[in-house]
Number of protein chains: 2
Amino acid sequence: MQNLKKIGLKATTPRLKILELFQNSTQRHLSADDVYRSLMIENQDIGLATVYRVLAQFEQAGILSRNYFAGNDAGGVSGGGGGRAVYELADAQHHDHLVCLDCGKVEEFFDADIEAKQHAIAKTKGFALADHALSLYAHCTKKNCPSKHVAA
Amino acid sequence: MQNLKKIGLKATTPRLKILELFQNSTQRHLSADDVYRSLMIENQDIGLATVYRVLAQFEQAGILSRNYFAGNDAGGVSGGGGGRAVYELADAQHHDHLVCLDCGKVEEFFDADIEAKQHAIAKTKGFALADHALSLYAHCTKKNCPSKHVAA
DNA sequence: GTATATGCAAAACTTTTGCATCCTT
DNA sequence: AAGGATGCAAAAGTTTTGCATATAC
């Protein structure tokens with residue numbers, strides 16, 4: 001609540017509820033539609049457009065970070081527009097993602113060597129690295145993967 | 001032309017022209033719309049839907065590979081649907097991409113250490129790596145960057 | 001009281017699909 | 001001749017925007 005004012009945003013119900021959702025949800029990575037639907041379930045009458053606006057503001061404020069998981073189909077990516085964005089709380093340190101191709105679960109990892117190499121590569125090519133996106137797409141080899149429990 | 005039959009596709013004008021476009025274009029990375037527009041300029045009356053279909057077929061056949069450059073805005077990403085896909089000839093070895101945030105230019109690189117690390121990370125977490133996407137977003141520090149020549 | 005936010009609906013985009021027609025084999 | 005391929009238009013999805021109304025400070 002005070003957080004919001006600090007970044008120049010009024011403490012409105014939509015913003016409070018969305019922030020709360022990210023802090024309390026068991027799912028760390030949420031799409032705009034996930035957020036919208038969760039709010040609907042809580043009987044919060046918040047428009048989808050507002051969700052997008054708040055998400056964008058939070059990202060710009062550094063509260064959330066946005067990712068695109070392109071190769072993912074397990075999560076329910078079907079129709080039209082390429083792939084949707086998912087947001088996560090930007091509380092922890094920087095990390096990259098490993099997405100399970102079978103169940104859609106997302107794991108996070110950080111590797112200092114890879115990070116360092118990325119900077120070195122950019123520098124060598126005459127660039128100053130500003131950002132990067134690294135996603136691994138993989139199949140789970142453990143029996144406890146959710147997809148293993150479903151009769152296909 | 002023989003190539004197409006080999007993969008079970010009829011040698012039609014759209015497919016020939018699109019393949020030719022990728023082989024002759026100075027731009028290595030093309031979106032569906034780029035392809036469509038280039039064909040229009042050549043007075044080839046090929047529908048956008050066909051472009052998408054052919055691109056998908058070529059990707060499945062291993063002739064092209066698809067990438068998503070999310071953080072990129074310089075290339076003209078504006079409106080609705082998140083981000084568009086770009087295709088490139090899958091002739092060279094596997095590589096990742098470095099995208100200039102100023103002019104949108106795309107450079108390619110390959111780093112064996114990063115590749116190895118990715119596999120190791122997936123394995124450690126109990127996954128078998130199937131695919132990955134790594135894109136670096138950076139600012140050009142050279143004076144010969146196209147964006148440096150434009151009065152902002 | 002005023003500026004900012006919200007909600008709704010419509011628009012902007014990318015990608016996919018249905019269907020009649022056309023072209024390759 | 002036959003079946004796959006194309007084109008057009010419409011649909012499906014995600015994200016953005018315009019505008020009148022409601023809300024926070």
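Throughout, a chain's letter reflects where its sequence line sits, starting with A, and its residues are numbered from 1. Any value given below was found using the heavy atoms of this structure, including those in side chains, with hydrogens, waters and symmetry copies removed. These numbers were taken from a predicted model, which means no experiment stands behind them.
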Participant: How is A/Asp45 classified with respect to the nucleic acid when contacts are heavy atoms under 4.0 Å: base, sugar-phosphate, or nothing?
Facilitator: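 The residue A/Asp45 makes sugar-phosphate contact but no base contact.
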Participant: Counting side-chain heavy atoms from C-beta on, which of D/dC8, C/dT25, D/dT15 comes nearest to B/Ala49?
Facilitator: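 Closest of the options to the side chain of B/Ala49: D/dC8.
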Participant: Of the listed nucleotides (D/dT15, D/dA5, C/dT15), which one gets closest to any side-chain atom of B/Thr12?
Facilitator: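 The closest nucleotide is D/dA5.
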Participant: Measuring from the side chain of A/Arg15 (C-beta onward, heavy atoms only), which nucleotide among C/dT15, C/dT6, D/dT15 has the closest atom?
Facilitator: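 Among C/dT15, C/dT6, D/dT15, the one nearest the side chain of A/Arg15 is C/dT6.
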Participant: Rounded to the nearest 0.5 Å, how far apart are CG of A/Leu129 and CG of B/Leu136?
Facilitator: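 A/Leu129 atom CG to B/Leu136 atom CG measures 5.5 Å (nearest 0.5 Å).
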Participant: Whole-Å distance between C/dT17 P and B/Gln57 CD?
Facilitator: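 Checked: the CD to P distance equals 13 Å.
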Participant: CG of A/Leu4 versus C1' of D/dT23: gap in Å, rounded?
Facilitator: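 Between C1' of D/dT23 and CG of A/Leu4: 15 Å.
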Participant: CD of A/Gln60: more than 12 outside heavy atoms within 6.0 angstrom?
Facilitator: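 Not more than 12 within 6.0 Å, no.
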Participant: When we call it a touch if two heavy atoms are under 4.0 Å apart, what does A/Ala85 touch: a base, just sugar-phosphate, or nothing?
Facilitator: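 The residue A/Ala85 makes sugar-phosphate contact but no base contact.
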Participant: So which nucleotide from C/dT25, C/dT14, D/dA5 ends up closest to the side chain of B/Ala11?
Facilitator: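 It is C/dT25.
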Participant: Could you tell me how far apart B/Leu16 (CG) and C/dC23 (C1') are, to the nearest whole angstrom?
Facilitator: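 One finds 13 Å between C1' of C/dC23 and CG of B/Leu16, rounded.
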Participant: Roughly how far apart are A/Cys140 SG and A/Asp102 CG, rounded to 0.5 Å?
Facilitator: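 Nearest 0.5 Å value for the SG-CG distance: 7.0 Å.
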Participant: Roughly how far, to the nearest 0.5 Å, is the OG atom of A/Ser65 from the CG atom of A/Asp131?
Facilitator: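 Taking CG in A/Asp131 and OG in A/Ser65, the distance rounds to 9.5 Å.
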Participant: D/dT6 P sits how many Å from B/Leu9 CG, rounded?
Facilitator: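 Spelled out: CG on B/Leu9 to P on D/dT6 is 9 Å.
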Participant: Between P on D/dT16 and CG on A/Leu48, what's the gap in Å once rounded to a whole number?
Facilitator: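 Value for this atom pair: 10 Å.
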Participant: Between D/dT16 and A/Tyr52, is there an OP1 or OP2 to side-chain N/O distance shorter than 4.0 Å?
Facilitator: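 For D/dT16, neither OP1 nor OP2 has a side-chain N or O of A/Tyr52 closer than 4.0 Å.
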Participant: By nearest atom, which of the nucleotides D/dT14, C/dG7, D/dT6 is closest to the B/Thr50 side chain?
Facilitator: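 For B/Thr50, the side-chain atoms sit closest to D/dT6.
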Participant: Side-chain donor or acceptor of A/Arg53 under 3.5 Å from a matching atom on the base of C/dG7?
Facilitator: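 Such a pair is found, so the answer is yes.
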Participant: Does the side chain of A/Glu107 pick up a donor-acceptor pair with the side chain of A/His95 at under 3.5 Å?
Facilitator: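 A/His95 and A/Glu107 do not have a side-chain donor-acceptor pair below 3.5 Å.
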Participant: What nucleotide among C/dT24, C/dG7, D/dC25 has an atom nearest to a side-chain atom of B/Lys10?
Facilitator: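 Per side-chain heavy atoms of B/Lys10, the pick is C/dT24.
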Participant: Distance check: side-chain N/O of A/Thr13 vs OP1/OP2 of D/dT23, anything under 4.0 Å?
Facilitator: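 For D/dT23, neither OP1 nor OP2 has a side-chain N or O of A/Thr13 closer than 4.0 Å.
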Participant: Specify the separation, in whole Å, of atom CD1 of A/Ile7 and atom P of C/dT4.
Facilitator: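 Spelled out: CD1 on A/Ile7 to P on C/dT4 is 16 Å.
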Participant: For A/Met40 and C/dC8, what is the distance between atoms CE and P respectively, to the nearest whole Å?
Facilitator: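 The answer, rounded to whole Å, is 10 Å.
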Participant: Rounded to the Å, how far apart are A/Leu55 CG and D/dT17 P?
Facilitator: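 The distance from CG of A/Leu55 to P of D/dT17 comes to 15 Å, rounded to the nearest Å.
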